[in-house]
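First listed ligand is number 1; within each ligand, the first listed atom is number 1. All values reported here derive from a predicted model rather than from experimental measurement. Only this structure's heavy atoms are used, side chains among them; waters, hydrogens and symmetry mates stay out.
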Amino acid sequence: MKKETPDPNKKVTITVIYDNYPYDPRLKTGWGFSAMVEYGERILLFDTGADEQTLLGNMAQLGINPLKIEYLVLSHFHQDHFGGTMGLLDTGVHPTVYLLSSFSPAFRNSVKAKTEVVIVHESEKVAEGLYSTGQVEGVLPEEGLVIDTPKGLVLITGCAHPGVVSMISAAKAVIDKPVYLVLGGFHLGSASDAQVDSIIDQFRHIGVINAAPCHCTGENAIGRFARAYGDHFIQVGVGKKLELVP
Ligand SMILES: [Zn+2]
Ligand SMILES: [Zn+2]
């Protein structure tokens, strides 16, 4: 894939719109995940949570106009990650939607009836500085969002069903830069302490600077990441906003 150097002065903002953990008390929590990424003037939504009421309600509380969303990347075919999609499209917004062939034909067709759909296989450039990892194989295939930020590579995961370390490897294959941040669900709810610690070791080996586990990571794993990462652990919940400036 052709890569270009993004403008190093572009500010990148990530706002968690939907999560099962609270952060901004004005917002509703719900089991699921969604995050908005502003890359300069471009606006991308990653996942849409489980339901449109919570998604659109939280956007309204945060003063986000859904009509400004230009790109929608859906991580995997689980209701808690795509459930708000049709409600979002019903607002009249026409983002280009990036999803995988593992999404049901019925869902793909209903999205296609409303807007442009891109079926992702290999890693794909969505817009300047914004990439899909491509389909990462696993029991349940998934794509992550890779952001080329002034601070380094940022990866956002939905549930990381193929394994969060595999997701990071896929992201590094897209942009070979230091990994500044991994944010999202790490899916370690049933992992043992030893398994979680081994994943933390792999994070360190890869050189992941900051970890922001949320959604389906699991309480125990979040606690272990918090202790291991110290000041570089970022607590995430719905409404958490991260501004990455040069
Ligand atoms: Zn899932
Ligand atoms: Zn999930």
- Query: Met36 and side-chain contact (heavy atoms from CB on, under 4.5 Å): which partner among Ile14, Ile43, Val16?
  - Reply: Ile43
- Query: Under the salt bridge (charged side-chain N to carboxylate O under 4.0 Å, His left out) rule, what pairs show up with a residue in residues 19-31, not counting sequence neighbours?
  - Reply: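 Sorted result for residues 19-31: Asp24-Arg26.
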- Message: Applying ring-ring contact (aromatic ring centres under 6.0 Å, His included), can you list everything that pairs with Phe186, at least two apart in sequence or on another chain?
- Response: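 So Phe186 forms a ring-ring contact (aromatic ring centres under 6.0 Å, His included) with Phe203, Phe225.
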- Note on the structure: Per residue His161, nearest N, O or S atom to the Zn ion (ligand 1) is named NE2
- Closest to the Zn ion (ligand 1), which N/O/S atom of His76 is it?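 Going by distance to the Zn ion (ligand 1), the closest N, O or S atom in His76 is NE2.
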- Message: Consider side chain to side chain donor-acceptor pair (under 3.5 Å). Of Asp51, Asn58, Thr29, which one does Tyr18 pass it with?
- Response: Asp51
- Side-chain contact test, heavy atoms from C-beta onward, threshold under 4.5 Å: evaluate it for Thr115 versus Pro95 and give yes or no.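 SC-SC contact between Thr115 and Pro95 confirmed.
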- What are the protein N/O/S atoms, named by residue and atom, that sit under 2.8 Å from the Zn ion (ligand 2)?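 Protein N, O or S atoms closer than 2.8 Å to the Zn ion (ligand 2): Asp80 OD2, His81 NE2, Cys159 SG, His215 NE2.
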- By salt bridge (Lys or Arg N to Asp or Glu O under 4.0 Å), which residues pair with Asp193, not counting sequence neighbours? Arg224
- Message: Taking Glu143's backbone N and O only, do any of them form a donor-acceptor pair with Thr133's side chain (distance below 3.5 Å, no angle check)?
- Response: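 Pair absent, no side-chain N/O of Thr133 close to backbone of Glu143.
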